[in-house]
Amino acid sequence: MPFPPPPHALPGPRRRTLLASAAGAALLVGCSAASEESAGTSGSQSAAQRARARAARDSDGLLRSYEAVLAVHPALAERLGPLRSEVVRHVEAFGGSAAAGPSGTASPADPTPPSTGASSADPSAAPSRVSAALAAVPARENDALAQLAAAERALADRRAAALLELPGELARLLASAAAAGAAHAYLLTEGAR
């Protein structure tokens, strides 16, 4: 025996009709988005490559800041060594190359930080860049740590702002590096207290 119809049927579309319409609309949107992405793949790839190269350069600049601080304040080597190692990993993750010293830090006897592959294309520019970086390091350790923390924080903020414009995997990598940078900034400022 069939079920009797409800006592009073509501006017308008039924629930099944709405669900089927929503599923169909999602399929149509997904198909049109995929066709638009395949048409603009070369443009988004170049934008992703530019963003990756920019992230590698930014991490390389941060690495040079760590090396300059370590050259001026070698007593901070134990504290800054792990953070610097993470920055080296960020450079490499974004496709750059970072040359590290044997212990991962600049040697106290040699104030010239190790050069990085991405930034050492012009050897004549290296000494001026190193001397400029060393001159920018504050004389007090706490001030140098604060300067590094500010650089980490600024880079993390720039990376977080750029996330919305990047494709999935690169956005996740950049988000991870931004989170690590924010953690580094916290560790650099909390240790000074």
Side-chain angles (χ1 to χ4, degrees), residues 22-23 25-70 79-101 103-106 113-123 125-126 129-130 132-133 136 145-191:
L27 284 174
L28 287 175
V29 169
C31 291
S32 64
S35 64
E36 290 170 5
E37 285 178 12
S38 64
T41 301
S42 63
S44 66
Q45 281 291 25
S46 64
Q49 290 170 347
R50 285 190 310 269
R52 186 178 288 272
R54 182 176 51 247
R57 281 190 312 271
D58 289 345
S59 291
D60 184 56
L62 187 61
L63 177 61
R64 282 181 290 184
S65 296
Y66 271 93
E67 290 170 344
V69 168
L70 286 169
R79 181 171 176 191
L80 296 181
L83 302 178
R84 183 197 173 279
S85 296
E86 289 299 315
V87 175
V88 168
R89 286 189 196 107
H90 295 163
V91 171
E92 292 167 350
F94 289 120
S97 62
S103 65
T105 62
S115 66
T116 58
S119 65
S120 63
D122 181 14
R129 202 174 44 239
V130 169
L145 292 174
Q147 183 180 20
L148 273 178
E152 286 272 16
R153 194 174 301 110
L155 183 56
D157 291 345
R158 281 195 314 269
R159 286 177 170 168
L163 289 176
L164 297 176
E165 302 161 3
L166 298 174
E169 185 175 337
L170 181 56
R172 286 188 291 275
L173 179 60
L174 201 64
S176 176
H184 290 179
Y186 174 78
L187 291 172
L188 288 167
T189 56
E190 286 302 308

Undergrad: Do Thr189 and Arg153 touch side chain to side chain, with heavy atoms closer than 4.5 Å?
TA: yes
Undergrad: Any side-chain heavy atom of Val91 within less than 4.5 Å of one from Ser97?
TA: no
Undergrad: Enumerate, atom names and distances included, each donor-acceptor pair closer than 3.5 Å involving a side-chain atom of residues 158-185, sequence neighbours excluded.
TA:
from	atom 1	to	atom 2	distance (Å)
Arg159	NH2	Ala55	O	3.1
Arg159	NH2	Ser59	OG	2.4
His184	ND1	Glu152	OE2	2.9

Undergrad: Is Arg89 salt-bridged to Glu92, cutoff N-O under 4.0 Å?
TA: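 No, this pair does not count.
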Undergrad: Can you tell me how far the CG atom of Leu80 sits from the CG atom of Leu70, to the nearest 0.5 Å?
TA: 5.0 Å
Undergrad: State, yes or no, whether a side-chain contact exists between Val87 and Asp60 at a heavy-atom distance under 4.5 Å.
TA: no
Undergrad: Please check this pair: side chain of Arg52 against backbone of Ala93, looking for a donor-acceptor N/O pair closer than 3.5 Å.
TA: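 Flag set: sc Arg52 to bb Ala93 pair under 3.5 Å.
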Undergrad: Suppose we screen for side chain to side chain donor-acceptor pair (under 3.5 Å). Which residues come up paired with Gln147, at least two apart in sequence or across chains?
TA: none
Undergrad: How many angstroms lie between CG in Leu83 and CG in Leu62, if you round to the nearest 0.5 Å?
TA: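 The distance works out to 9.5 Å.
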